[in-house]
2 protein chains.
Amino acid sequence: MNISQAAKQAGLTSKALRYYESVSLVIPGRNPNGYREYSPAEVETLRFIQRARSSGFSVEEVGELLQLYRNPARRSHDAKLLVREKIEQVEEQLRNLKEMRSNLRALADACAGDDSPHCAILDQLAGGESR
Amino acid sequence: MNISQAAKQAGLTSKALRYYESVSLVIPGRNPNGYREYSPAEVETLRFIQRARSSGFSVEEVGELLQLYRNPARRSHDAKLLVREKIEQVEEQLRNLKEMRSNLRALADACAGDDSPHCAILDQLAGGESR
DNA sequence: GTTGACCTTACCCCCGGGGCAGGCTAAAAA
DNA sequence: TTTTTAGCCTGCCCCGGGGGTAAGGTCAAC
């Protein structure tokens with residue numbers, strides 16, 4: 001299968017597939033004309049990558065997941081550990097974003113939002129009172 | 001004030017200050033020896049930038065906030081609009097992260113996490129059933 | 001005078017690709 | 001058959017927001 005077909009099957013772009021090859025995640029064979037030829041198994045691996053990426057794993061972490069996927073002597077404990085670490089990272093990002101949001105809400109609430117130049121948002125960013 | 005002192009006062013790094021200068025946010029004067037010389041007002045602006053950045057605004061958006069800050073004919077409405085847009089962006093990120101988290105939790109819950117190679121996490125990433 | 005701390009510019013690096021240039025190749029239309 | 005169009009190839013620069021480091025100038029203390 002050609003690169004663009006494989007990309008479509010996996011919900012990715014051709015560029016992403018070339019990138020994943022460059023970082024040794026999926027290295028397809030080549031036709032005599034030099035075109036990449038993706039086997040059905042490689043397309044499955046690409047779908048694996050797409051799902052793992054959209055669950056928040058970095059490309060490097062996807063590489064670790066793929067190593068487990070390809071290793072018949074794996075222990076499911078190791079996969080679960082990766083997922084739990086990712087959950088904790090996501091939760092930290094959630095905490096950070098929630099703090100930003102409450103911060104922003106306080107700014108917005110303090111500002112009249114009218115045609116006057118007086119603005120509590122700019123005042124607070126400038127002076128930092130009651131932050 | 002020298003760059004490292006100004007950076008310390010603002011809670012930033014010297015490198016960041018040079019970067020902010022390169023993108024025209026704060027352009028300090030120069031001493032005869034070529035060193036950057038930050039005025040107290042410029043240090044205040046740097047603190048403004050630091051607070052806006054830690055509230056989630058991009059460098060480009062901070063530039064817009066600074067334009068308002070420096071414009072005595074501004075309308076507070078415009079500042080409030082920027083803040084509300086940022087709140088919506090933050091909330092979309094929160095939604096995405098929460099979906100990731102529930103996704104990850106489902107993966108983790110389905111996996112025994114023992115010494116066996118059978119792993120529901122890898123199965124689901126591979127096959128996509130019950131995602 | 002010399003040492004160490006600070007400053008300067010200039011370069012490459014991170015992630016995860018996007019976009020484009022220039023050149024082949026394959027498939028479809030005339 | 002020829003031409004057009006579409007798809008593929010590699011290689012390069014770009015994004016944010018700086019971090020790290022190198023090579024060199026400067027300043028203050030001892």
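Chain naming here is simple, since letters A, B, ... match the order of the sequence lines and numbering starts at 1 in each.
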Asks: In whole angstrom, give the distance that lies between atom CD of A:Gln5 and atom P of C:dA27.
Replies: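 Nearest whole value for this atom pair: 13 Å.
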Asks: Rounded to whole angstroms, how far apart are OH on A:Tyr38 and P on D:dG7?
Replies: 17 Å
Asks: Separation of B:Tyr19 atom OH from C:dT8 atom P, in whole Å?
Replies: 18 Å
Asks: Tell me whether A:Phe57 is reachable from A:Leu81 by hopping between hydrophobic residues (I, L, V, M, F, W, Y) whose side-chain heavy atoms are closer than 4.5 Å.
Replies: no
Asks: Tell me whether the OP1 or OP2 atom of C:dG17 has a side-chain N or O from A:Arg18 closer than 4.0 Å.
Replies: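 Negative; the distance criterion is not met.
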Asks: From CG of B:Leu17 over to P of D:dG19, roughly how many Å is that when rounded to an integer?
Replies: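 Checked: the CG to P distance equals 11 Å.
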Asks: Which residue, A:Phe57 or A:Pro32, contacts DNA chain C at a nucleotide closer to its 5' end, judged by nearest heavy atom?
Replies: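 This one resolves to A:Phe57.
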Asks: Name the residue closer to the 5' end of DNA chain C, choosing between A:Tyr20 and A:Asn33 according to the nucleotide with the nearest heavy atom.
Replies: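 Nearest nucleotide further toward 5': that of A:Tyr20.
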Asks: To the side chain of B:Asn2, which of C:dC7, D:dC8, C:dG17 is closest?
Replies: C:dC7
Asks: Taking CD1 from A:Ile3 and P from C:dG17, how many angstroms apart are they, rounded to a whole number?
Replies: 13 Å
Asks: Please assess A:Arg105 against B:Glu91 for the test salt bridge (charged side-chain N to carboxylate O under 4.0 Å, His left out), listing each intermediate value before the final yes or no.
Replies: CA-CA 11 Å; A:Arg105 281 179 174 163; B:Glu91 285 178 342; 3.0 Å; yes
Asks: Does A:Thr13 put a side-chain nitrogen or oxygen below 4.0 Å from OP1 or OP2 of C:dG18?
Replies: yes
Asks: Suppose we screen for side-chain hydrogen bond (donor to acceptor under 3.5 Å, both in side chains). Which residues come up paired with B:Glu61, at least two apart in sequence or across chains?
Replies: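 Result, side-chain hydrogen bond (donor to acceptor under 3.5 Å, both in side chains) vs B:Glu61: B:Ser58, B:Lys86.
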Asks: Calculate the interatomic distance between B:Glu21 atom CD and C:dT9 atom C1'; express it in whole Å.
Replies: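 The answer, rounded to whole Å, is 12 Å.
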Asks: Heavy atoms, side chains only, cut-off 4.5 Å: are B:Arg36 and B:Arg30 in contact?
Replies: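 Side-chain contact under 4.5 Å: yes.
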Asks: Kindly say if A:Arg36 contacts the phosphate of D:dT10, meaning a side-chain N or O under 4.0 Å from OP1 or OP2.
Replies: yes
Asks: Report the residue (A:Arg30 or A:Tyr35) whose heavy-atom-nearest nucleotide on DNA chain D is the more 5′ of the two.
Replies: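 On the 5' side of the pair lies A:Tyr35.
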Asks: Measure from the side-chain heavy atoms of A:Arg53 and tell me the nearest of C:dG17, D:dC8, D:dT10.
Replies: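 When the side chain of A:Arg53 is considered, C:dG17 is the closest of C:dG17, D:dC8, D:dT10.
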Asks: Base, sugar-phosphate alone, or nothing: which one does B:Ser4 contact when heavy atoms must sit under 4.0 Å apart?
Replies: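 Here B:Ser4 touches the backbone only, sparing every base.
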Asks: Tell me if the side-chain of B:Lys15 makes a donor-acceptor pair with the base of D:dG19, cut-off 3.5 Å, by modelled atom types.
Replies: yes
Asks: What is the distance, to the nearest angstrom, from the NZ atom on B:Lys8 to the C1' atom on C:dC6?
Replies: 12 Å
Asks: Between B:Val43 and B:Gln5, is there a side-chain heavy-atom distance shorter than 4.5 Å?
Replies: no
Asks: Round to a whole Å and report the spacing from CD of A:Gln50 to C1' of C:dG17.
Replies: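 Nearest whole value for this atom pair: 15 Å.
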